[in-house]
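Working notes, beginning with the structure itself.
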Amino acid sequence: MDAKLILNGSEYEFPVIVGTENEVGIDFTKLRSRTGAIGLDPGFGNTGSCTSSITFIDGEKGILRYRGYPIEEVAESASFEEVCFLLIFGHLPTPKELFAFRDQLTHHSMIHESLKNFFEDFPPTAHPMMILSAMVASLSAFYPRSVEPREVDLNIVRLLAKAKTIAAFSFKRSIGQPFVYPRNDLSYTENFLHMLFAVPAEPYIVSPVVDRALNLLLILHADHEQNCSTATVRVVGSSQANLFASVSAGISALWGPLHGGANQRVIEMLEQIRDDGMDYRKYVNLAKDKDSSFRLMGFGHRVYKNFDPRATILKKAADEMLAELGIDDPLLEIAKHLEEVALEDEYFLERKLYPNVDFYSGILYRAMGLPTDMFTVMFALGRLPGWIAQWKESREDPAARISRPRQIYLGEALRPFEPLDLRAKSPEGVPTEPELVGV
Ligand code: ACO
């Protein structure tokens with residue numbers, strides 16, 4: 001199969017690549033060298049930046065698969081450690097591999113004591129996403145060797161193991177409690193909950209309900225092909241920046257409210273609706289108003305145009321977890337009513353705007369006892385295996401090149417440069433004031 005392009009009367013043929021699930025891509029690798037033209041696609045809505053074997057999404061049908069396994073089945077039966085292994089190494093672990101992998105994740109959980117001291121110097125108001133990003137980048141100071149495959153594999157384990165410790169320490173710091181060190185007898189998720197919620201004065205028993213919910217949340221966030229933060233990790237990694245630096249950039253990209261930062265904004269929006277008398281129609285209308293910058297947070301997705309399978313699973317999980325814990329959170333009911341009102345509205349139907357993964361996840365984090373500014377950190381921890389798998393895949397791709405998009409320049413045409421005459425005087429003889437730029 002070939003694609004034909006007619007440009008300025010000349011006809012060019014380009015190869016077509018068809019994916020496992022019959023997705024069709026026109027290979028424009030030689031577009032510029034053959035035609036002199038480039039493709040223009042702001043936001044990359046139509047541009048494939050790579051081929052990948054990690055995650056498949058069909059946004060029209062609401063399908064998400066990790067290495068071929070449906071998200072619904074993975075979410076039902078797997079542990080987060082298995083999903084990390086699957087995404088990063090390409091196959092489900094054997095019992096022996098899983099045992100060894102879990103062991104490594106446990107034994108690399110501690111962070112260097114000097115790194116621990118870094119926490120002291122952030123202002124108490126520092127957002128935990130900022131701390132996570134800075135701390136993950138700082139790991140490259142402690143583990144600078146990352147060339148040999150063995151060194152890279154070790155850094156992968158270190159990153160997965162230590163990120164949860166960093167996340168838990170940033171939470172403890174924000175609430176003014178002493179850090180709690182990891183324990184070697186606990187699983188990945190149990191250990192994380194222990195470091196988040198244990199206090200020195202009393203023993204902490206991990207609730208199986210909370211542990212199950214955390215496992216589910218991490219799995220559902222584990223990878224999502226070429227989203228904003230993953231694309232960032234690949235772009236940074238394409239310059240051969242190390243794993244820690246590349247993932248730190250991904251964390252920063254995730255922080256934005258249009259991406260992972262939406263989970264924090266959803267809860268803030270639901271609280272605003274609650275405090276404003278629960279007038280759902282008012283907020284739906286506001287989201288439709290093109291003169292307002294307000295959007296329904298947790299609604300809409302670049303890829304999903306029917307439903308986000310992760311949101312479907314989380315809505316059910318929120319109901320179950322709150323019931324099991326005996327928590328009555330009015331925000332869950334507010335979220336459901338808001339969804340109902342929005343999904344009856346022509347504006348949302350026409351644009352195919354449905355709840356995304358961020359719409360219900362915050363309700364679960366709240367039930368666990370986490371403050372809103374930790375929500376995106378939880379997302380980042382879940383997304384870690386995806387970032388790592390995508391970074392590794394791009395590093396091992398012999399066809400990979402440094403990411404370097406082009407542009408269409410719309411600025412001034414060539415014009416002569418006229419140097420400023422700094423000796424010019426105003427009529428009063430005082431040197432002319434320079435104009436303040438940007439005022
Ligand atoms: N509320 C109101 N209108 C919306 C919303 C929303 N949440 N999302 C999209 N729209 C409208 C846009 O205004 C636009 O309308 P128009 O055609 O009249 O101009 C149309 O729907 C298409 O929206 P785009 O912004 O072009 O869609 P895009 O694919 O670029 O953006 C995004 C997707 C960023 C997720 C968007 O839907 C959004 O801002 N949602 C709210 C933030 C959010 O929940 N982000 C989390 C996404 S999931 C994740 O990253 C993990």
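All ligand and atom numbering here is 1-based and tracks the order in the structure. Numbers here simply count residues along the sequence, with the first being 1. Remember, it's a predicted structure, so these values are computed and weren't measured experimentally.
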Is Lys315 positioned over the aromatic face of Phe359, cation under 6.0 angstrom from the ring centre and no more than 45 degrees off axis?
no
Salt bridge (Lys or Arg N to Asp or Glu O under 4.0 Å), that's the test. Do Glu324 and Arg212 meet it? Break it down for me.
CA-CA 12 Å; Glu324 283 185 79; Arg212 209 169 56 238; 2.9 Å; yes
At a 4.0 angstrom heavy-atom cut-off, what protein residues surround ligand 1?
Pro257, Leu258, His259, Ala262, Ala287, Lys290, Arg295, Leu296, Met297, Gly298, Phe299, Gly300, His301, Arg302, Tyr347, Arg351, Leu353, Asn356, Val357, Asp358, Phe379
Tell me, please, which residues at least two apart from His127 pass ring pair (Phe, Tyr, Trp, His ring centres under 6.0 Å).
Trp255
Are Tyr204 and Glu190 close enough that a side-chain donor and a side-chain acceptor fall under 3.5 Å?
no
Looking at Phe14, does the NZ or CZ of Arg34 lie under 6.0 angstrom from its six-membered ring centre and within 45 degrees of the ring axis?
yes
Determine, for Tyr347 and Arg351, whether the Lys NZ or Arg CZ falls below 6.0 Å from the six-membered ring centre while staying within 45 degrees of the axis.
yes
